[in-house]
Undergrad: 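Take this structure first; my questions come after.
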Amino acid sequence: MALLATQAATGAMPQMVVTSTTFVFIGERLWLDFVNTDDLRRGVRVDVLRDFDALIHWLGAADVLDAERAVGITRRAEQQPAGAAAALVDARRVRAALRALAERGAVQEKARADALSEINRVLGRSAGHRRVEFGDDGAFRQSFVPVGDAFAGLMIPVVESAAEALVGGELLRVRRCADGRCPRVFYDSTRNGRRRWCDMATCGNRAKAARFRARERDVTPRPVSDLPAMQAEARSA
C-alpha cells in the first residue's frame, strides 16, 4: 500500500495524506484491521487516524459506513468540531484496548476484561437501528444507523466485530506479525494455524530475503588472504 506524505523544507515530521491507498486490510477481521490503523510505515510509526476525516474515510473503506452517511457526518463535524474531536479520541481509546486484546487477550485476563469494558461501554451508549442496504458493488450489507448523536455509533461495527471474536473463541488464532518491527495483527485462518506474517508480500518477503542472505554468508568461502588466520584458528582448536 502506498503512503503519501509531505514534508516541509524545515525538516518537520511528514504528515500523512489519507487516501484509499493508505489503508491496509490484512487482518481478516474488522476489529483487527482497525487495530492496524496504528501502523509502521517505512520504519516510522504512523497513526492512520490522524484526524476525524481520516476516521470517516477508513470506515468507508472498510464498508461499514455508506457514502450518504459519511457526507452527513462530515457536515456535522464541521458544525460540531468539538464533538468530532471527542469522537476521534474515543476511537483511539477503543483501539488501544483492542490492541491489548489482540496481542495479549489469549493469555491475559486483564486485557480481556479491559476490552470487554470498552466494548460494552460503546454498545451501551449508542441508540439506533440496523438496516440492510445495497452497496456500490450491488452486494447487500448491514449497517448501524444511530439515533441522536451522529458520532456515537461510529465504533459500533468495530466493537461488534471484537465481541464476535470473544464469543466465538477466536483469540487463540489472533497473531501479531512475526517481524518484531511490525505492529500489525491478524486472524490466522490457515488450516494448520501456522501463519506467521501479516503479509507475505512485505514482512514475509523480507524474512525470506534475510534467511537467504544468512545462508549465503554461511556458505561463502573465506578469501585466500584469510588463510593465516584460518590456520591459526585450526592450531588453537
Side-chain angles (χ1 to χ4, degrees), residues 1-4 16-39 48-77 84 87-88 90-91 94-95 98-99 101-102 115 119 122-123 126-171 173-175 177 184-191 193 195 197-202 204:
M1 294 289 180
L3 177 65
L4 305 180
M16 186 174 63
V17 179
V18 176
T19 71
S20 59
T21 60
T22 301
F23 306 130
V24 176
F25 295 95
I26 50 86
E28 298 200 22
R29 296 293 185 269
L30 177 64
W31 71 283
L32 297 176
D33 284 325
F34 186 69
V35 169
N36 289 336
T37 59
D38 173 24
D39 202 2
V48 174
L49 306 182
R50 63 181 301 266
D51 54 29
F52 184 77
D53 282 345
L55 172 62
I56 297 305
H57 289 153
W58 185 87
L59 292 170
D63 287 332
V64 294
L65 186 66
D66 62 77
E68 180 181 351
R69 280 192 61 219
V71 170
I73 291 174
T74 300
R75 188 179 299 117
R76 181 68 63 87
L88 178 61
D90 189 67
V94 171
R95 184 180 63 185
L98 295 185
R99 173 167 288 282
L101 180 67
I119 290 169
V122 173
L123 293 176
S126 303
H129 62 274
R130 290 202 164 277
R131 69 179 182 184
V132 177
E133 54 196 9
F134 276 118
D136 294 336
D137 57 359
F140 291 100
R141 60 176 52 91
Q142 189 174 214
S143 64
F144 178 83
V145 182
V147 175
D149 183 356
F151 307 130
L154 290 176
M155 287 294 97
I156 290 287
V158 173
V159 300
E160 284 187 338
S161 174
E164 290 168 0
L166 289 172
V167 173
E170 291 187 350
L171 292 185
R173 283 274 187 155
V174 174
R175 311 271 188 266
C177 183
R184 294 176 182 172
V185 293
F186 59 89
Y187 177 75
D188 183 359
S189 61
T190 61
R191 181 175 299 180
R195 178 180 166 189
W197 317 108
C198 67
D199 183 10
M200 281 304 301
T202 54

Undergrad: Provide the closest heavy-atom pair for V48 versus A54 in the form atom of the first, atom of the second, distance.
TA: O-CB, 3.4 Å
Undergrad: Measure the CZ-OG distance between R29 and S189 for me, rounded to the nearest 0.5 Å.
TA: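 Here the rounded value is 7.0 Å.
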Undergrad: Could you tell me which residues satisfy side chain to side chain contact (heavy atoms under 4.5 Å, CB included) with A102, sequence neighbours excluded, listed by chain and number?
TA: W31, L32, V174, V185
Undergrad: Show your working on side chain to side chain contact (heavy atoms under 4.5 Å, CB included) between L154 and D90 and close with a plain yes or no.
TA: CA-CA 10 Å; L154 290 176; D90 189 67; over 6 Å; no
Undergrad: Side chains of L59 and I73, heavy atoms from C-beta outward: is any pair under 4.5 Å?
TA: no
Undergrad: Who are the side chain to side chain contact (heavy atoms under 4.5 Å, CB included) partners of A62, not counting sequence neighbours?
TA: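 Partners of A62 by the side chain to side chain contact (heavy atoms under 4.5 Å, CB included) criterion, ordered by chain and then number, come out as F25, L30, W58, V64.
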Undergrad: Whether the side chain of T74 engages the backbone of A70 through a donor-acceptor N/O pair (distance < 3.5 Å, no angle test) should be reported.
TA: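 Side chain of T74 to backbone of A70: a pair is present.
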Undergrad: Is there side-chain contact between L123 and M155, with at least one heavy-atom pair below 4.5 Å?
TA: no
Undergrad: Give a yes or no on whether a salt bridge exists between R99 and D38, defined as a side-chain N under 4.0 angstrom from a carboxylate O.
TA: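 Between D38 and R99 there is a salt bridge, with a charged N closer than 4.0 Å to a carboxylate O.
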Undergrad: Closer than 3.5 angstrom, by distance alone: can the side chain of R173 be matched with the main-chain N or O of D188 as a donor-acceptor pair?
TA: yes
Undergrad: Less than 4.0 angstrom from a charged side-chain N to a carboxylate O is my criterion; do E28 and R195 meet it?
TA: yes
Undergrad: Test V24 against D199 for side chain to side chain contact (heavy atoms under 4.5 Å, CB included), laying out the working first.
TA: CA-CA 10 Å; V24 176; D199 183 10; over 6 Å; no
Undergrad: To the nearest 0.5 Å, tell me how far C198 SG sits from N36 CG.
TA: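 Nearest 0.5 Å value for the SG-CG distance: 7.5 Å.
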Undergrad: Mind checking whether V158 and V122 have side chains closer than 4.5 Å, heavy atoms only?
TA: no
Undergrad: Nearest 0.5 angstrom please: Y187 OH to T190 OG1, how far?
TA: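 Y187 atom OH to T190 atom OG1 measures 9.0 Å (nearest 0.5 Å).
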Undergrad: What are the two closest non-hydrogen atoms of F52 and A84, and how far apart are they?
TA: CD1-O, 3.3 Å
Undergrad: Under the rule for side chain to side chain contact (heavy atoms under 4.5 Å, CB included), what residues qualify as partners of L88, not counting sequence neighbours?
TA: L49, L55, R92
Undergrad: Would you indicate whether the side-chain heavy atoms of V35 and L98 approach each other to under 4.5 Å?
TA: yes
